[in-house]
Structures are given as C-alpha cells and as structure tokens.
Amino acid sequence: MSYLANFRVWRGDSSGGALEPYEVEVNEGEVVLDIVHRLQATQAPDLAVRWNCKAGKCGSCSAEVNGRPRLLCMTRMSTLPPDEPVTITPMRTFPVLRDLVTDVSFNYTKAREVPSFIPPAGLKPGEYRMQQADVNRSQEFRKCIECFLCQNTCHVVRDHEENKPSFSGPRFLMRVAELDMHPLDAAEDAGLDRKRTAQEEHGLGMCNITKCCTEVCPEHIKITDNALIPLKERAVDRKYDPLVWLGAKISRRK
C-alpha cells in the first residue's frame with residue numbers, strides 16, 4: 001500500500017538554511033532513509049545525507065526526525081502519523097556541514113582524550129583470564145555503534161556550547177566506565193586514576209542522569225543505569241568516603 005507523504009527537510013550549510021517542503025511516495029515497509037533516497041533520486045539530487053550500512057550497525061545516518069534524535073535507517077514510516085508532515089533535520093548539537101550532514105569531529109577529539117586499556121604487567125596477549133560475569137558487565141558497552149545520538153541529545157552540550165571543552169559526553173564517559181570496570185585494566189598500577197580523571201578531566205559531575213542518552217540509544221545500552229551512575233558512585237567513594245581514602249593510602253604504601 002502506497003501513499004504520498006509530506007516531508008520537511010532542512011536544506012542549507014554552515015551559513016544558514018531552512019526547511020524545504022517535499023511530497024514523496026511512501027511504500028509499505030519502508031524506513032525514513034528509503035524516502036530520503038527516493039527524494040534524492042526524484043526531486044533533490046544535491047541533498048546531502050550521511051549513510052552506509054542501512055542496517056542500524058554503522059551509526060552513519062544519525063539525524064532528527066520530528067525533533068527526536070534517530071537513525072534514519074531504523075525509523076519505520078509506519079511508526080509516524082501518515083497525515084502529518086515528517087520533519088527531518090540534522091543533529092542539533094554539532095555544526096552543520098551541509099543539509100543533513102554534521103561535523104562530528106568533536107566526538108573523535110573526546111575519544112582521543114580517554115587513555116586506552118592498560119594490560120597487566122607480566123601478562124602476554126592470550127594469557128588474560130576473566131570471569132564471564134566480568135565479561136558480561138562491560139560487554140554491553142561494546143555494542144556502541146558510534147552513532148553519537150546520545151552525545152547529540154545530552155542537554156549538557158546540546159543547550160550549552162560552552163560546556164564542550166570540559167565535558168566528554170555520555171558516550172565517552174561510558175568508555176571510561178567500561179575501562180574502570182575491566183578487571184584486567186592496570187591503570188592504577190600505572191599511576192592513572194580513571195575515577196579521578198572522569199570527574200576532573202571528562203566532566204562526570206556535569207551529568208545529572210536524566211537518562212535522555214539511554215532513551216535514544218539504538219542499541220538499547222543502559223548508559224545511565226549501568227555506566228554513568230556506577231561511575232559516579234565510585235568517583236564519589238574515592239573522593240569523599242574516609243574508609244576508601246584510608247584503604248587507598250595503605251594500598252599505595254604497600
């Protein structure tokens with residue numbers, strides 16, 4: 001069953017732009033990215049959109065549909081009201097390059113600021129041993145497809161551009177949490193306190209756990225509950241709990 005749908009697509013670049021109206025055919029079972037491709041083929045061949053796999057695994061086609069951050073390839077037209085216009089805009093948190101394509105280099109800058117996994121001294125690759133429970137705990141975070149929808153929807157940077165230099169965002173705080181939970185990460189032995197850096201260098205304290213990042217994650221990662229809140233608890237314990245502080249002092253002396 002086909003029908004004609006009204007679309008409003010943001011067209012422009014870094015200097016400005018506006019929503020342009022289009023009427024496009026929609027067929028049964030299609031997703032928003034199908035419609036964008038049909039629009040390119042029939043009415044707007046110069047429309048810029050970033051995409052790759054069309055299977056919800058590359059994270060490339062991030063945009064906003066009716067004001068909600070989504071993957072275009074995973075947003076079915078059947079979930080949108082057929083009698084109302086569908087508005088497609090670029091991710092609001094990042095600078096627009098052209099049309100629906102944004103400059104997400106902010107995220108790669110923040111990724112490079114997170115120190116990588118530090119293997120235990122004396123263990124060679126292939127000699128690592130972990131309990132399955134420990135594997136499961138951090139494996140959830142490895143499902144991230146780098147779509148940056150959580151970064152886009154986080155109001156700490158979405159509504160406050162001035163926070164970007166000091167706040168890494170939920171995706172990279174989740175990366176810090178993943179490494180801090182890893183039982184084989186020897187960061188502390190190397191003099192790196194991931195809980196302290198999360199607080200002082202990556203802006204963990206600026207997160208007020210509204211769960212907006214969790215709500216838009218296409219991989220259904222419980223970013224807030226399983227990564228950010230536990231990381232906050234461990235950071236607070238390290239800084240303010242007198243018993244934890246004393247234990248750390250004794251451990252360092254040994």
Side-chain angles (χ1 to χ4, degrees), residues 5 7-14 17-19 30-37 39 47-81 84-111 140-141 143-161 163-164 167-175 203 206-228:
F7 276 75
R8 298 189 303 162
V9 182
W10 197 91
R11 304 296 308 274
D13 53 30
S14 58
L19 290 170
E30 289 186 324
V31 296
V32 172
L33 186 59
D34 291 320
I35 310 307
V36 171
H37 286 166
L39 187 57
L47 173 63
V49 60
R50 185 182 281 135
W51 71 284
N52 187 23
C53 75
K54 202 175 177 291
K57 291 302 176 184
C58 74
S60 299
C61 63
S62 300
E64 298 190 10
V65 180
N66 291 345
R68 183 177 176 83
R70 297 173 180 262
L71 292 178
L72 298 182
C73 72
M74 297 299 288
T75 305
R76 293 199 168 275
M77 289 300 301
S78 59
T79 64
L80 304 174
E84 297 179 9
V86 177
T87 302
I88 309 177
T89 54
M91 289 191 287
R92 198 181 91 185
T93 300
F94 309 116
V96 172
L97 294 176
R98 192 175 127 211
D99 298 339
L100 301 178
V101 178
T102 53
D103 179 0
V104 294
S105 58
F106 163 81
N107 300 288
Y108 301 116
T109 298
K110 294 301 179 181
E140 175 189 11
F141 310 136
K143 296 192 300 180
C144 175
I145 59 174
E146 304 283 349
C147 64
F148 304 130
L149 291 179
C150 63
Q151 298 283 91
N152 176 58
T153 198
C154 179
H155 60 273
V156 177
V157 289
R158 183 181 178 94
D159 299 330
H160 303 280
E161 182 75 18
N163 288 338
K164 284 186 176 180
F167 184 67
S168 294
R171 193 278 168 263
F172 301 106
L173 287 171
M174 180 176 72
R175 173 63 175 158
M206 301 173 76
C207 168
N208 54 13
I209 57 174
T210 57
K211 298 190 179 184
C212 52
C213 52
T214 300
E215 290 175 1
V216 300
C217 178
E219 288 295 311
H220 308 292
I221 302 171
K222 295 181 179 178
I223 303 171
T224 309
D225 290 339
N226 292 350
L228 303 186

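Bear in mind that the values here come from a model prediction, so they are computed numbers and not experimental data.
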(Q) Determine whether E140 and K143 satisfy the following criterion, salt bridge (Lys or Arg N to Asp or Glu O under 4.0 Å), listing intermediate values before the conclusion. (A) CA-CA 6 Å; E140 175 189 11; K143 296 192 300 180; 5.6 Å; no

(Q) Checking F106 against F167 for the ring-ring contact (aromatic ring centres under 6.0 Å, His included) test, could you report, in this order, the C-alpha distance in whole Å, the side-chain angles of both residues, the deciding distance, and whether it holds? (A) CA-CA 11 Å; F106 163 81; F167 184 67; 8.6 Å; no

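- Taking L97 as the reference, R50, V101, D103 meet the side-chain contact (heavy atoms from CB on, under 4.5 Å) condition, with sequence neighbours excluded.
- Formation of a donor-acceptor pair under 3.5 Å by the T102 side chain with backbone atoms of M91 is not found in this model.
- Side-chain atoms of T109 come within 3.5 Å of backbone atoms of S105 as a donor-acceptor pair (strictly under, hydrogens ignored).
- L72 contributes atom CG, which lies 7.0 Å from atom CG of L100 (distance to the nearest 0.5 angstrom).
- Partners of D34 by side-chain contact (heavy atoms from CB on, under 4.5 Å), not counting sequence neighbours, listed by chain and number: E30, V31, K54.
- In this structure, the side chain of Q151 engages the main chain of S168 through a donor-acceptor pair within 3.5 Å.
- Between F148 and F172, the ring-plane angle classifies as tilted under the 30° and 60° cut-offs.
- H155 contributes atom NE2, which lies 11.0 Å from atom OG1 of T93 (distance to the nearest 0.5 angstrom).
- Without hydrogens or angle criteria, S62 side chain to L149 main chain gives no donor-acceptor distance under 3.5 Å.
- Under the 3.5 Å distance criterion, the side-chain polar atoms of T75 are matched with a main-chain donor or acceptor of L71.
- Side-chain atoms of N66 come within 3.5 Å of backbone atoms of T87 as a donor-acceptor pair (strictly under, hydrogens ignored).
- In K222, the NZ atom is not crowded: 12 or fewer heavy atoms of neighbouring residues, nucleotides or ligands sit closer than 6.0 Å.
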Q: Start with the C-alpha distance between R98 and D13, add both sets of side-chain angles, then the distance that settles salt bridge (Lys or Arg N to Asp or Glu O under 4.0 Å), and finish with yes or no.
A: CA-CA 4 Å; R98 192 175 127 211; D13 53 30; over 6 Å; no

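- One N or O on the side chain of T79 and one on the backbone of R76 form a donor-acceptor pair closer than 3.5 Å.
- Remark: the backbone N or O of R92 is paired with a side-chain donor or acceptor of N152 at under 3.5 angstrom.
- A salt bridge does not link R175 with E146: none of the charged nitrogens is closer than 4.0 Å to a carboxylate oxygen.
- Distance check, rounded to the nearest 0.5 Å: SG of C144 to CD1 of I221 gives 5.5 Å.
- Put simply, the side chain of N52 never gets that close to the backbone of S60: no donor and acceptor are under 3.5 Å apart.
- The closest donor-acceptor contact from the side chain of E64 to the backbone of R70 lies at 3.5 Å or more, if one exists at all.
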